[in-house]
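A quick write-up on the structure given underneath.
Each ligand, and each atom within it, is numbered from 1 in the order the structure gives. For the numbers below, each heavy atom of this structure counts, side chains included, while hydrogens, waters and symmetry mates do not.
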Amino acid sequence: MHIPTAFASLLLLPLALCAPPSPPNYGYPPTQAITKLTQGGYKFALTIDQKQWSNLSQVMTEDIYYDSSALGAGYGGLAVGLDQVRTVLEETAPEGIYWEHLVTNLYLEKLNTPTNASSITYITVSRWDPSALHDITKTYRIYYRCDDVWLLQDGNWKLSHSIVRNTGPRVEAPYFGSISMSQE
Ligand SMILES: *[C@@H]1O[C@H](CO)[C@@H](O)[C@H](O)[C@H]1NC(C)=O
Ligand SMILES: *[C@@H]1O[C@H](CO)[C@@H](O)[C@H](O)[C@H]1NC(C)=O
């Protein structure tokens, strides 16, 4: 039976509709986006751990929304805007205090647009007050998870929105409080 060409291509149409959608093209390969976002996360930690407060605008947006109140009073809270976040960070890690944000498992969940990404990150934060190593309000460790939105601005991925949750049951005392000083 002879099938006219036009009719034959109509028969093929449903096949074309069933083809898997091609991945969105945001102008650069996803691997590059993942690398850049991971570097953004590491730079964020480096900047605050080194207390480079004047560099915060390189790693967070001016209108940052940061909610770590789930960590509990004394350990977390809500801060909105770069100035407020800076004030809280400076108060938490003044001169003489050591701290470290160990950023791991930075999972790029979704590239929402070419300049907006959602990620999930695990962080272990340790804070040490050398004059109060056995006081859990001053020397502590917290394991937490962040649900974040990052924006690409001036070539850097900057934190725009962050919701922080404890992944462990509660804040930990790195020295367990009961070990006598002579054993350390
Ligand atoms: C802070 O910014 C200055 C100037 O851009 C740069 O030299 C320095 O390495 C930055 N510090 C961090 C921790 O990124
Ligand atoms: C980034 O994308 C998320 C998810 O779509 C959205 O909720 C958020 O408002 C966006 N942020 C900006 C600044 O566009």
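Asn116 ND2, 3.4 Å is the protein heavy atom nearest to atom 12 (C) of ligand 2. The closest protein non-hydrogen atom to atom 1 (C) of ligand 1 is Asn55 ND2, 1.4 Å. Scanning the protein heavy atoms around atom 5 (O) of ligand 1, the nearest turns out to be Gln58 NE2, 3.6 Å.
The side chain of Leu151, and not its backbone, has at least one atom closer than 4.0 Å to an atom of ligand 2 (non-hydrogen atoms only; side chain from C-beta on).
At a 3.5 angstrom cut-off on N or O pairs, Gln52 counts as close to ligand 1. Backbone and side-chain nitrogen or oxygen atoms of Lys43 are examined, and none is located within less than 3.5 angstrom of a nitrogen or oxygen of ligand 1.
Of the inter-residue distances, the one linking Thr61 atom OG1 with Leu152 atom CG reads 12.5 Å to the nearest 0.5 angstrom. Here CG of Leu108 is found 7.5 Å from CH2 of Trp157. Values are rounded to the nearest 0.5 Å.
With ligand atoms numbered from 1 in the order given, ligand 1 contributes 13 (C) to contacts under 4.0 Å with heavy atoms of Gln50.
Looking at Asp49 and Lys51, no side-chain N of the basic residue comes within less than 4.0 Å of a carboxylate O on the acidic one, giving no salt bridge.
The presence of a protein heavy atom under 4.0 Å from atom 14 (O) of ligand 2 is confirmed. Protein non-hydrogen atoms do not reach within 4.0 Å of atom 9 (O) of ligand 1.
Using modelled atom types and a 3.5 Å distance limit, the side chains of Gln58 and Lys43 yield a donor-acceptor pair.
Side-chain contact between Arg141 and Val171 is absent, with no heavy atoms from C-beta onward closer than 4.5 Å.
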